[in-house]
Amino acid sequence: MDYQFREIEQKWQKYWADNQSFKAEANSDKPKYYVLDMFPYPSGAGLHVGHPLGYIASDIFSRYKRLKGFNVLHPMGYDSFGLPAEQYAIQTGQHPAVTTETNINTYRRQLDQIGFSFDWSREVRTSDPAYYKWTQWIFMQLFNSWYNLETDKAEPISTLIHKFNEAGSADVKAACDDDTRSFLPTDWAAFSEEEKQVELLKYRLTYLKESTVNWCAALGTVLANDEVKDGFSERGGYPVEQKKMMQWSMRITAYADRLLQGLDTIDWPEPMKEMQRNWIGKSVGASVKFKVEGNDKQIEVFTTRVDTIFGVSYLVLAPEHEWVAELTTPEQKVDIESYIAQTKKKSELDRMADAKTVSGAFTGTYVINPVSGERVQLWIADYVLAGYGTGAVMGVPSGDQRDWLFATHFNLPIIQILDAQKDIDQQADATKEGKYINSGFINGMEYKEAVAFLNQWLEDQGVGKAKVNFRQRDAIFGRQRYWGEPIPVYFKDGLPYLLKEEELPLVLPEIDKYLPTETGEPPLARAEGWKYEDRYEYELSTMPGWAGSSWYWYRYMDAQNDKAFASKEAVAYWKDVDLYIGGNEHATGHLLYSRFWNKFLKDLGFVQEEEPFKKLINQGMIQGRSNFVYRLSIMQNDGNKFYFISKSWADKWYKSDGYSQSLINEMGIDFSFEGPNKERSISLSGIHVDVNIVENDRLNIQKFRAWRPEYQDAVFIFEDGTISSPTGGGQEGAYICGVEVEKMSKSKFNVVNPDVLIAQYGADTLRMYEMFLGPLEQSKPWNTNGIEGVFKFLRKFWRLFHNEAWEFTVSDAEPTKAELKALHKIIKKVQDDIERFSFNTSVSSFMIAVNELTDLKCNKRAILQDLVVVLAAYAPHICEELWSLLGNKDLSTAQFPVFNPNYLIEDEFAYPISINGKMKMNLNLSLTLEQEDATAAVLASEQVQGFLNGASPKKIIFVKGKIVNIVV
RNA sequence: GCUGAAGUGGUGGAACUGGUAGACACGCAGGACUUAAAAUCCUGUGCCCUCAACAGGCGUGCGGGUUCGAUUCCCGCCUUCAGUACCA
């Protein structure tokens, strides 16, 4: 029979499901291999053709590893809490759990059709109480922990309490809030329970604190920094403002250094690591305190160039700095206030666009440089950010271009501090070369010496010290939304307390509608009678979207466990993710938070590895490829007329800059409008057309007529200039559409649904075609143009096993040398390609192999059986069918054929002969020949002599098995 | 501006450590089969000159360099995409 992909694919998908063919073994002698996909948020739109790209790649890898003898864990699940379901619930009143369930079913159906080897017995859903019980449990562990800087890890809060009891706060080195109190053990003992809790909260790894948050009024919730783009919410694009609120936070900054160091130990794409490094933003420098003249305040600044401190000619505060009002002299008050008013008006976007213009205002106050005792002016300026460092900066115009511009603009002194600084009257020179001048006690020193000396000096004087600063802030961990994990906390006397472990999960209560209350409280406040022990108010925020995804890979290891998030044995066996495939949009969100929670869980001994994802691959984005038809509209006195003109005519139109009578004549259009503004009554517009009725940019006229009622009688001017008959029918020319690459979206009619392609070509073709498209990591527009080629390949492959009458026929004859060579070439190629994630090149190689074997008319079992296994990871259905036709069972338990290099050994090679590096001809030479004999043979060739044309070779390069180059 | 990735035929792309640039596929053109179309199969296909073949010239964003030999290495520049944004 011909290749019947529909029946074959359905048959084997059912077989795999019925037999649980891809269930990972819990205990196995085989080495483990864990392949993870970033699990999807099940959106209402379902999968488009871009989503499965990474899943296909990881599936090929998983199936390959299985054939190579690994116990493979390859699970799938759903990140099923999230805003869209809730927005939909607000609009329709439908419970988000219901729509989520529907969406998941759609996803599952679509995923199943593609033939993935997921172990569905381990499926997880973050919105399932059996799952979020453990998300809540981890939250509780974080609440019950503090970060000990001495041991450099998280510890149970009990060890901190023990320290407080024994020695008070003195010996404690912790990652904590800035406003912790100093106390003796006797003070601690005398604290009330409430006071103790207040103090401990400042140390906990998740804590409640009044913080400035990104408040999005339109979404009614706070957003994390990585959910805000240019002052607008990433989702929806609503304005975001800064607002002070009591919020749960995660003390991720405690792990900043470890998150940074860990990057050097993992195999991730460099850009991804770089993004995380930038996000964490570590800078090494010093903090220095400047005394304010006539006030007992000290302004602390952070600098990465403490060595330039003698060059300070002014100090700047951020306009939002809380001391600004107090430190402004009465004379300057008007200036400062008008400047602040001015900066407040500027949105964040304006501030960015304005980066080049210098602005600021003098407070009238002076501060004292602690190293020189000099008094310098205190300014405010919006180039200083309140949120970074201390919100105060020292200005060193000779060494920093921005400071130089500021000083020049406001006529402040520019002091040279290094003898190597050049042209500082033209611009700043940030060199670290040379020796210090005008720099008091560091005069004559060099950079390294000066930094070390100053850091020590500042510390001795108590006016500063070496300091490391991070850009990263603690992560806000609460959303004023319904569809998320409830935070397992209740409040007693205004203080937060955890639920008992056995009270988990704290299940989301039912509410009447999914909106904030009239008083602005989160939706959970609507839940009637929802109180802890019927008395205490629960926390009304829910967890942010990233909570459930920050540990899910552990749940897959032991998904049904109700005693622990995963058993110790399961964690000990699977350890970490060997290969993680997903998009790079999660660089600073999910991937950072996951590493943070992982390190925390490791500190407490729940998991074993410092890093959860050993190797990471980013699949590129699939963009949409939109098609256009060009509609020529003619407004005439007797009504409007429309012509759809094919692409080359549209091109001509645009080239002639619009209206051209000669072009209109050429197209044979009757355009008899007379009067003024003739050219304005005719216009051309490109209109998006559904890509599903276009094939290879050629419009399917009939489908187009049926697409929209108004196109039913459309008139076309085809590529060859002929005009369609208004009623359609008959023989018609080609209408070619225009093309543009855009985001894949419904409104652009460029969404390609995998279901459609699977119906037409089958899952195996889709899988291979998605890989064939290009390197996995590259972004590219989706283009269905080449899919036929892949489908033809699979038919050709099928054909190898069948005779002219489509009867399954294989021979048991001994394979020839050429056949073995073709086979072993592909074995090696696929092995190498998969190991380096170059899936596109193996698809080409499969085509070559099948072409070769077709030419050889090979239908030998000895060859084809191995070929089936080699192709199995890419096109599992057709291979499983052929495998069973060959009389075998369960391809998933087969072994990948062993490559034998002997079959590839050649005794001759067609050497390319080049003259002066230009290839001229090929010459067959024995591969046993060495330099001397080979060159002799080359020169003896008549053809070579012909090319030399009498010239005598100066030198002959001979690279065995590669090339001969004759230099004349 | 900074950081990162990329730039190869009409198109997607290949060439893995410097060694035959354009594999494989799409598209296109021609042919076979067919009453016809579809499907299938065969042939050709980087560009230029040439009726054509032979031969030749030019060709991996641009300009240089290293080398017997560069898509690959080095220097400078241009363009596109992504991330980031006054980070002290």
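In what follows, chains are A, B, ... by sequence order, proteins preceding strands, each numbered from 1.
- A cation-pi arrangement is absent between A:K282 and A:F470 under the rule of less than 6.0 angstrom and at most 45 degrees off the ring axis.
- Picking from B:C24, B:C86, B:A85 the nucleotide with the shortest atom distance to the side chain of A:R471 gives B:A85.
- Going from the C1' atom of B:C73 to that of B:U66 covers 8 Å, rounded to whole Å.
- Against the 90° criterion about 0, the sugar-base torsion of B:G9 places it in the syn range.
- Nearest-nucleotide assignment on RNA chain B puts the 5′-proximal partner with A:T841, out of A:T841 and A:F791.
- Distance check on atom P: B:G19 versus B:A25 gives 24 Å, rounded to whole Å.
- An OP1 or OP2 oxygen of B:A88 is reached within less than 4.0 angstrom by a side-chain nitrogen or oxygen of A:S283.
- With both ends at atom P, the span from B:U8 to B:G1 equals 23 Å, rounded to whole Å.
- Paired regions of RNA chain B, where each region holds three or more successive Watson-Crick or G-U pairs whose two hydrogen-bonding distances fall under 3.5 Å, are B:1-7 with B:78-84, B:10-12 with B:24-26, B:27-32 with B:40-45, B:46-48 with B:56-58, B:61-65 with B:73-77.
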What are the atom names and distances for every N/O pair under 3.5 Å that joins the protein to nucleotides 42-49 of chain B?
none

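- Proximity of A:R402 to the phosphate of B:C87: a side-chain N or O atom is located under 4.0 Å from OP1 or OP2.
- In this structure a side-chain-to-backbone donor-acceptor pair under 3.5 Å is missing from A:R277 to A:L263.
- Taking the side chain to side chain donor-acceptor pair (under 3.5 Å) definition, one finds that A:Q276 meets it with A:R595, sequence neighbours left out.
- Within the 4.0 Å cut-off from OP1 or OP2 of B:A25, at least one side-chain nitrogen or oxygen of A:N851 is found.
- Checked against B:C24, B:U20, B:A88, the side chain of A:Y388 finds its nearest nucleotide in B:A88.
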Close N or O pairs between protein and nucleotides 8-13 of chain B (under 3.5 Å):
| unit_1 | atom_1 | unit_2 | atom_2 | d |
| --- | --- | --- | --- | --- |
| B:G12 | O2' | A:L773 | O | 2.7 |
| B:G13 | O3' | A:N840 | ND2 | 3.4 |

What pairs of nitrogen or oxygen atoms, one from the protein and one from nucleotides 67-74 of chain B, lie under 3.5 Å apart?
| unit_1 | atom_1 | unit_2 | atom_2 | d |
| --- | --- | --- | --- | --- |
| B:C68 | O2' | A:N965 | ND2 | 3.1 |
| B:C68 | O2 | A:N965 | ND2 | 2.6 |

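- Remark: A:M921 engages A:I913, A:L923, A:S941, A:Q943, A:V944, A:F947 in a side chain to side chain contact (heavy atoms under 4.5 Å, CB included) (not counting sequence neighbours).
- B:C41 and B:U34 are spaced 13 Å apart, taking the C1' atom of each and rounding to whole Å.
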